[in-house]
Amino acid sequence: PDTTAPSLSAALANDTGTRSDDGLTRDPSVSGHAADDKAVSQLQATLDPASGGVAADVTGSLQADGSFTLSAGDLATLAGGTLAQGAHVLRLTARDATGNARAVEVGFSFDSTAPAAPTLGLAAASDTGTVGDLRTTAPVVDLEGSTEALATVTLSQGGSSLGTVTAAADGRFGFSGLALALGDNAYTVSVVDPAGNAGTSTLHLTREDAPDTTAPSLSAALANDTGT
């Protein structure tokens, strides 16, 4: 009698997180392979079984070579229409004709929300005017900002990158030694969160002339001192 369960493997098809194996992704598609010495007769998928997920037959996704892919749309269908942001577990079960079964689970965290525009402005030591007005007389400034934790932030001007930093666990980041031309200085701020979602915003800094606090020079004397 056949007592051997099918072989089954599965993983995120495109782990878009900081690492390719961190389980954090904006693309929840799952790919895998199922095989049996005779044939795999059924493939089932259950989303979040610990939360009451119901098994669905996805045998139709099996290809002739045993490979399969469940798309983001398939995962949304398993979720009842919309896959919620956050942590999920997908259980896959392969069965052969005699009922031998093997199950694997794929855990992942789904994040498809683009990061909000970061807060970014002049550091206190560089802000010579009204605090927060993005105006200064300093020719070289430091910037401080806040965004999503561990996001990657790139500051660009005119299509050229001026630097890339990674936000700390509390979301704080900064750029130092930024030279300003007199007048308006326009920048593009690009943010990529740990799941790979991207967003852009603009920043305008104004460098003003330093106030003139120097008195004119002045000298005078008699034009024609006729004395002895």
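Counting only distance, with no hydrogens or angles, the side chain of Asp22 and the backbone of Arg19 share a donor-acceptor pair below 3.5 Å. The backbone N or O of Gly132 lies less than 3.5 Å from a partner atom in the side chain of Asp127, making a donor-acceptor pair. Remark: the backbone N or O of Thr16 is not paired with any side-chain donor or acceptor of Asn14 at under 3.5 angstrom. Judged by distance alone, the side chain of Thr77 and the main-chain N or O of Gly73 form a donor-acceptor pair under 3.5 Å. In this structure, the side chain of Asn197 does not engage the main chain of Pro115 through any donor-acceptor pair within 3.5 Å. Without hydrogens or angle criteria, Asp111 side chain to Thr113 main chain gives a donor-acceptor distance under 3.5 Å. The main-chain N or O of Arg95 is found under 3.5 Å from a side-chain atom of Ser41 such that the two form a donor-acceptor pair. Panel note: side chain Thr136, backbone Arg207; no donor-acceptor pair is recorded below 3.5 Å. Arg91 places no side-chain N or O within donor-acceptor distance of the main-chain N or O of Glu105, the cut-off being under 3.5 Å. Put simply, the side chain of Asp193 never gets that close to the backbone of Ala151: no donor and acceptor are under 3.5 Å apart.
Across all their heavy atoms, Thr128 and Thr137 have their closest contact at OG1-N, 2.8 Å. Contact detail for Ser61 and Gln63: the closest heavy-atom pair is O-NE2, 3.2 Å. Residues Asp48 and His88 come closest through the heavy atom pair OD2-ND1, 2.8 Å. When every heavy atom of Gly53 is checked against every heavy atom of Thr46, the shortest pair comes out as O-CG2, 3.3 Å. Across every non-hydrogen atom of Thr147 and Ala167, the tightest pair is CG2-CB, 3.7 Å. In this structure, Ala149 and Pro194 approach most closely via the heavy-atom pair O-CG, 3.5 Å.
With sequence neighbours left out, Asp74 forms a side-chain hydrogen bond (donor to acceptor under 3.5 Å, both in side chains) with Ser71. Not counting sequence neighbours, the partners of Thr119 by the side chain to side chain contact (heavy atoms under 4.5 Å, CB included) test are Ser146. Listed by chain and number, the residues in a side-chain hydrogen bond (donor to acceptor under 3.5 Å, both in side chains) with Ser29 are Asp27 (sequence neighbours excluded).
One distance of note links CD of Gln42 with CG of Asp96; it measures 11.0 Å at 0.5 Å rounding. From Asp2, atom CG reaches atom CG of Asp37 across 5.0 Å, with rounding to the nearest 0.5 Å. Between atom OG of residue Ser109 and atom CZ of residue Arg26 there is a gap of 14.0 Å, rounded to the nearest 0.5 Å. With rounding to the nearest 0.5 Å, the separation of CD in Glu144 from OG in Ser126 is 8.0 Å.
Members clustered with Phe175: Leu120, Leu122, Leu134, Val141, Leu143, Val153, Leu155, Leu162, Val165, Phe173, Leu178, Leu180, Tyr187, Val189, Val191, Leu203, Leu205, by chain and number, using a 4.5 Å side-chain heavy-atom cutoff among hydrophobic residues. Val40 belongs to a hydrophobic cluster whose other members, connected by ILVMFWY side-chain contacts under 4.5 Å either directly or through intermediates, are Leu8, Leu12, Val30, Leu43, Leu47, Val58, Leu62, Phe68, Leu70, Leu75, Leu78, Leu83, Leu90, Leu92, Val104, Val106, Phe108, Phe110.
In summary, the side chains of Ser31 and Thr69 do present a donor paired with an acceptor at a separation below 3.5 Å, with no hydrogens or angles considered.
We find that Arg172 and Asp170 are joined by a salt bridge, their nearest charged nitrogen and carboxylate oxygen being less than 4.0 Å apart.
Note on residues 150-166: pairs passing side-chain hydrogen bond (donor to acceptor under 3.5 Å, both in side chains), not counting sequence neighbours, are Thr154-Thr164.
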